[in-house]
Amino acid sequence: MHRLTTPKFRDRDVTDEAAYLNRRQLIAGATAGLGLGLAGPSLAAPQGLEPNTFEEITNYNNYYEFGTGKRDPAENAHTLTTSPWTVKIDGMVDRPGDYQIEDIIGKAQIEERIYRLRCVEAWSMVIPWNGFTLASLLDRVGVQSGAKYVAFQTLERPSEMPGLRYPVLRWPYREGLRLDEAMHPLTIMATGLYGKDLPNQNGAPLRLVVPWKYGFKGIKSIVRITLQADEPFTSWNDANAREYGFYSNVNPRVDHPRWSQATERVIGSGLFGSRRETEMFNGYGDEVASLYAGMDLSENY
Ligand code: MTE
C-alpha cells in the first residue's frame with residue numbers, strides 16, 4: 001500500500017497530470033450545470049477528496065466471483081473475457097433488447113466523477129471513475145410508467161470465474177435500486193477509472209456506482225438490467241437479511257449487527273492505517289437525503 005503524500009495526486013498513474021487536472025476542472029464545470037443547486041466542483045470532487053492510487057484501487061477488491069480474499073480479484077480476474085459483451089435490457093421499457101457494450105458506451109457521454117467508496121466492511125477509498133449517468137441509459141431505452149425499480153445482474157460464467165464454485169451467495173450476483181435512486185444524477189455506470197478502461201477486478205466492462213450507498217450495491221460486470229414494478233431480489237439481502245438491507249445507505253448511526261459503522265479505515269493511509277468518521281449518506285446527504293424523507297432509516301437499512 002502506498003501512502004498518499006502532499007501533492008494532490010500521484011501522477012505516476014496518469015499519463016499527463018496537467019491533462020488530468022484540466023479534465024477535473026472541465027467536469028467540475030460541467031456538473032455545475034446539472035441543476036442540483038450545488039457549488040460547481042463539490043459534486044465531482046467534494047472538498048479535500050484525494051483519490052487513492054491506481055495500485056490501491058486495483059489490488060484491494062471485493063469480487064467474490066473471483067474469490068473472497070482482497071487480492072483474489074487482482075490475481076484471478078484476468079481470465080474474464082469482456083469482449084464480446086452484451087447487456088440485456090428488459091422488463092418495463094419501450095425499447096428492450098440485447099445491447100452491445102460498444103453501442104452503450106459509444107452513445108454515452110463519458111464524464112469523470114471522483115467519489116468516495118465506503119464498503120459495508122468499514123473501509124473506504126476515493127476513486128476517480130469514468131462513466132455516464134444511469135439516467136441517460138434509462139432515458140435511451142424508455143422507462144414505462146409502471147416501473148418502480150431497476151434490477152441488475154452480473155455475468156455468471158463458471159469457466160472464467162473460479163469463485164462461483166463456492167456457494168457464498170446465490171449466483172449470479174444481483175442488485176437493485178428504486179427508480180428514483182437509479183435516475184439520480186449522482187448514480188453512474190462506470191466504464192473506467194483514472195482515464196483507463198475499467199480493470200476486470202473493478203467490474204469491467206460496466207459496473208454500477210452509487211456513492212451514498214455501501215459498496216456492495218455497486219454491482220460489477222453487468223449483463224442484465226430489468227425495469228420492474230416490484231422490489232428486486234438482491235444477493236446480500238438474500239444471504240443475510242438482518243445484516244444487509246435493500247437500501248444500504250451509508251449511515252454511521254445504524255450499526256451492522258456485528259460491528260460499528262461509526263468510523264472507517266482509510267485504505268492506503270500508511271502502515272498503521274488511519275480512520276475517519278463515517279458521514280451520513282457517505283457525505284452526499286445534501287444531494288440525496290430528500291429521496292428518503294419521512295422514512296425510518298434504522299428500519300429501512
Ligand atoms: N459485484 C459483484 N458482481 N461481485 C462482488 O463480489 N462486491 C461488492 C461490489 N460489487 C461485488 C460486486 C462489494 S462488497 C464492494 S465493496 C465493491 O464491489 C468493491 O468495488 P471495488 O473492488 O471496485 O472497490
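Note that ligands are numbered from 1 as they come in the structure, with each ligand's atoms numbered from 1 the same way.
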With a distance cut-off below 6.0 Å to the six-membered ring centre and an angular limit of 45° from the axis, does Lys196 pair with Phe54 as a cation-pi contact? yes
Does ligand 1 have a heavy atom under 4.0 Å from the side chain of Lys217, from its backbone, from both, or from neither? neither
Walk me through it: do Tyr244 and Tyr301 pass the test ring pair (Phe, Tyr, Trp, His ring centres under 6.0 Å)? CA-CA 7 Å; Tyr244 309 104; Tyr301 53 92; 9.1 Å; no
Would Trp212 and Asn249 count as having a side-chain donor-acceptor pair, cut-off 3.5 Å? yes
In this structure, atom 6 (O) of ligand 1 is nearest to the protein heavy atom Tyr64 N, 2.7 Å
Just let me know how Asn61 lines up against ligand 1, side chain, backbone, both or neither, with a heavy-atom cut-off below 4.0 Å. both
Salt bridge between Arg118 and Glu264, side-chain N to carboxylate O under 4.0 Å? yes
Would you indicate which of Tyr173, Tyr63, Trp123 comes nearest to atom 12 (C) of ligand 1 when only heavy atoms are counted? Tyr173
For atom 13 (C) of ligand 1, tell me which residue out of Trp236, Tyr60, Phe216 has the closest non-hydrogen atom. Phe216
Is the gap between the ring centers of Phe66 and Tyr63 under 6.0 Å? yes
Think Arg174 forms a cation-pi with Phe233, using NZ or CZ under 6.0 Å from the six-ring centre and within 45 degrees of its axis? yes
Can you check which of Gly215, Gly163, Cys119, Ala77 brings a heavy atom nearest to atom 9 (C) of ligand 1? Gly215
Taking the cut-offs as 6.0 angstrom to the six-membered ring centre and 45 degrees off its axis, would you call Lys217 and Phe152 a cation-pi pair? no
Top protein contact for atom 7 (N) of ligand 1, by heavy-atom distance: Asn62 O, 3.2 Å
Considering both backbone and side-chain atoms of Trp129, is one of its nitrogen or oxygen atoms within less than 3.5 Å of a nitrogen or oxygen in ligand 1? no
Identity and distance of the protein heavy atom lying nearest atom 1 (N) of ligand 1: Lys220 N, 3.2 Å
Examine the proximity of ligand 1 to Arg207 and report which part, side chain or backbone, both or neither, has a heavy atom under 4.0 Å away. side chain
Quick test: of every protein heavy atom, which one is nearest to atom 10 (N) of ligand 1, and how far off is it to 0.1 Å? Gly218 O, 2.9 Å
Which residue and atom name correspond to the protein heavy atom nearest atom 4 (N) of ligand 1, and how close is it? Glu65 OE1, 2.8 Å
Test item: side-chain donor near acceptor, Thr187 and Glu181, under 3.5 Å: no
For Thr154, take its heavy atoms, then give the atoms of ligand 1 lying under 4.0 Å from any of them. 3 (N)
So, Tyr166 versus Tyr64, ring centres under 6.0 angstrom or not? no
